[in-house]
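This report refers to the structure that appears directly beneath it.
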There are 4 protein chains.
Amino acid sequence: MPRTEEQYEQIREERKQQIRDVALEIIAEEGFANTSIAKIAKRANISKGLMYNYFTSKEELMMSIMVEGFNKLTEAFDPDRDGVLTHDEMHFFIDTTFDVLKSNIRFWRMYFMVLLQPDVTKLIEPYIMKTLEPFLQTAYQYFASNGYENPDVEVRFFAALLDGVGLHFVMDAEGFPLEGVKEKLHRMLD
Amino acid sequence: MPRTEEQYEQIREERKQQIRDVALEIIAEEGFANTSIAKIAKRANISKGLMYNYFTSKEELMMSIMVEGFNKLTEAFDPDRDGVLTHDEMHFFIDTTFDVLKSNIRFWRMYFMVLLQPDVTKLIEPYIMKTLEPFLQTAYQYFASNGYENPDVEVRFFAALLDGVGLHFVMDAEGFPLEGVKEKLHRMLD
Amino acid sequence: MPRTEEQYEQIREERKQQIRDVALEIIAEEGFANTSIAKIAKRANISKGLMYNYFTSKEELMMSIMVEGFNKLTEAFDPDRDGVLTHDEMHFFIDTTFDVLKSNIRFWRMYFMVLLQPDVTKLIEPYIMKTLEPFLQTAYQYFASNGYENPDVEVRFFAALLDGVGLHFVMDAEGFPLEGVKEKLHRMLD
Amino acid sequence: MPRTEEQYEQIREERKQQIRDVALEIIAEEGFANTSIAKIAKRANISKGLMYNYFTSKEELMMSIMVEGFNKLTEAFDPDRDGVLTHDEMHFFIDTTFDVLKSNIRFWRMYFMVLLQPDVTKLIEPYIMKTLEPFLQTAYQYFASNGYENPDVEVRFFAALLDGVGLHFVMDAEGFPLEGVKEKLHRMLD
DNA sequence: CATGAATGAGTGTTCATTCAT
DNA sequence: GATGAATGAACACTCATTCAT
């Protein structure tokens, strides 16, 4: 009995995920520049040729990995997706974001490092911009409706702050006083 | 008759700076990994070989560029170098830092992009750490003597904040509400 | 459907031998230092990259060539490998060695020329020393048990003599009076 | 008062010798392939450009060094240059040759190593052949007039023997039983 | 679907040689 | 005579990608 189309599709998806996982692992260990297709294929126990059956190029593989990470990171923002950010949702977002980061520091350090490389940035910037747009809108509404004088300034300030803190945390998770900093963040929003 | 020693020195210095400038430009555009010596030489209109007359390796070239920028950026911190940060010096530092950034946005965007690439980070991290150490000490004293409860948290929070803001500003100087954000920063320190 | 493992293995072995042959030829003509991977690849009608599919480095290629030749040359020494050299075995060794040399003068001229280049010597000296050690022991026993006064001197003298004769023969096989010289060698051992 | 032409010539010759000495020193230390003109010039305290004032190319410099060594090695053969080798002159030649080798092992090891590299061999072979020819004639006469049956075989045998011994001695001067071997050589000629 | 041999353009680096000064 | 900046071809080696099987 031949497999159904869905079964094939599922097998394909599992393989792709396996390749993504392995690739990310190696990139985290050895850096993007030192991660060759050959290494990924070897560690994933498949042939180089087969790699190209699943991803049309190294670039596409990267895209795929980065998009996956980006989505995980924004999932906690306005979780009910109603376009309105309540006070609770804001605090939830902060906590959850750091929980996500903390759950796999190695992944996220790697993620940020990769993300900040210009060639990678160039690849996924369009996707990020498109996805981020509604979130920035929502954030603006949040600050505006909470009586902040310059919601625009607040959004940018807050985004920069979160990025800076996330970056520092992820770069030096051991030494970073995460709890203290989180507390400061929460208090700033009250 | 050969040139005088000064003439040679001058030629060398000019060429080195020219190479550094071109290199930074390309690295910022295409990333460290994609910046080959060949590309740098071509854009600088010199031969590949000449590069190695001035920098012993690609690494040394990177170091040279990054250290130069890093020093410019920290010059304004505790300018009288007495190890004590007054209130005024703190405000001065913030203003001056952004002035420096603003004075050559293109350079600093490049600088940050380059700095955040893992290969580069690895290269100059030791230098940065060594240089930063006394500054962090000074900052700790500042927060401690100004009655902050957790000076440690404050230092890290402040550093992360400045990095985040600097990064965002430099990545989107046009759209970034710099004056409003600076005001917020100053007010936070009062 | 991919090739079977045996098919791949066969392709690999053939290619490796082909590369070794071509490499030895060029090295003999132009010296180790002047033999580039590019030249080898070109003459072997393969791409540079493929070289590295079969040999991990230029050094490994050299090792591979030299070890192969060295082994062929020592096969005839103490052929029953009992650690004892009879009179007959000694004479057999001399004759066989020159037979081997004579059977492919071109190869052996190349081999000696390559072997005597310092870069190459450095590479395989450890291997040679390790392999030669028991042979020298055996030769010492031979001279000692045949009543020679200074077996140590005899071993070194004989080795030097054989090397010298082999070298001269191989460098000028046409003009070298091999039979006469062999006769002298045999008579010296009686 | 300007220098006379001879004075200039003498200065030139001294410089050239100084360069040869330095070059040989470096080659002996680091091998031929790793000896660059830049290194030689630096160690000789002159500029790269000036090197080319004295030697038209690296090849010519090599030639110059090798010829010098070759001459020193053959000086002791038939010292009165009468084309006839007496018994005493033969023994003198053997002793003197090894004295010369012993006087600067490092030089001669280097010399042989360099000499045996095909590219070098190619360069000075014509010179060597031309110079060696009369010596071989003289040696033939020696063996012929001393009643050897096949003078031709004896010449080649003896030359091969001397080369082999010289090579072994120079490659492992510490371990080589020179005195014992020399004694054997002398006795073979009686 | 799966393999890995094969390619070719690319990498950082070296160095003999030239030449304006 | 003397300098060293400048060149350009060469080097060993890497790797994303293709394709016959």
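Naming convention: chains lettered A, B, ... in sequence-line order (proteins, then strands); numbering from 1 in each chain.
Following rounding to the nearest Å, Met62(C) (CE) and dA12(F) (C1') show an atom-to-atom distance of 15 Å. Straight-line distance from the CD1 atom of Ile26(B) to the P atom of dG12(E): 11 Å, rounded to whole Å. Rounded to whole Å, the distance from NZ on Lys58(C) to C1' on dT14(F) is 17 Å.
The stretch residues 32-42 of chain B touches DNA chain E through Thr35(B), Ser36(B), Ile37(B), each having a heavy atom under 4.0 angstrom from the strand.
Mapped onto DNA chain F by nearest heavy atom, Thr56(A) and Gln7(C) fall at different nucleotides, with Thr56(A) at the one closer to the 5' end.
In this structure Leu116(B) satisfies the side-chain contact (heavy atoms from CB on, under 4.5 Å) test together with Leu116(A), Leu167(A), Leu167(B), sequence neighbours excluded. Evaluation of the salt bridge (Lys or Arg N to Asp or Glu O under 4.0 Å) rule for Arg20(B) yields Glu13(B), Glu68(B) as partners, not counting sequence neighbours. Partners of Leu24(A) by side-chain contact (heavy atoms from CB on, under 4.5 Å), not counting sequence neighbours, listed by chain and number: Ile65(A), Phe107(A), Met110(A). Listed by chain and number, the residues in a side-chain hydrogen bond (donor to acceptor under 3.5 Å, both in side chains) with Gln18(C) are Arg15(C) (sequence neighbours excluded). Not counting sequence neighbours, the partners of Tyr127(A) by the side-chain contact (heavy atoms from CB on, under 4.5 Å) test are Val67(A), Phe70(A), Asn71(A), Thr131(A). Residues satisfying the side-chain contact (heavy atoms from CB on, under 4.5 Å) criterion with Asn53(D), sequence neighbours excluded, are Arg12(D), Leu50(D). The ring pair (Phe, Tyr, Trp, His ring centres under 6.0 Å) search around Tyr111(D) returns Trp108(D), not counting sequence neighbours.
Sorted pairs that involve residues 49-62 of chain A and meet salt bridge (charged side-chain N to carboxylate O under 4.0 Å, His left out), not counting sequence neighbours, are lacking altogether. For residues 29-39 of chain C, the salt bridge (charged side-chain N to carboxylate O under 4.0 Å, His left out) pairs, not counting sequence neighbours, are Glu29(C)-Arg43(C), Glu30(C)-Lys39(C).
A donor-acceptor pair under 3.5 Å is formed between the side chain of Thr121(B) and the backbone N or O of Leu115(B).
With a 3.5 Å limit on both pairing distances and Watson-Crick or G-U wobble geometry required, the stems of 3 or more pairs in DNA chain F span E:2-21 with F:2-21.
A close approach under 4.0 Å does occur between a side-chain nitrogen or oxygen of Tyr52(C) and OP1 or OP2 of dC13(F).
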Scan nucleotides 4-9 of chain F nucleotide by nucleotide, 5' to 3', and note B when protein non-hydrogen atoms come under 4.0 Å of the base, S if they reach only the sugar-phosphate, - if neither. BBBBB-

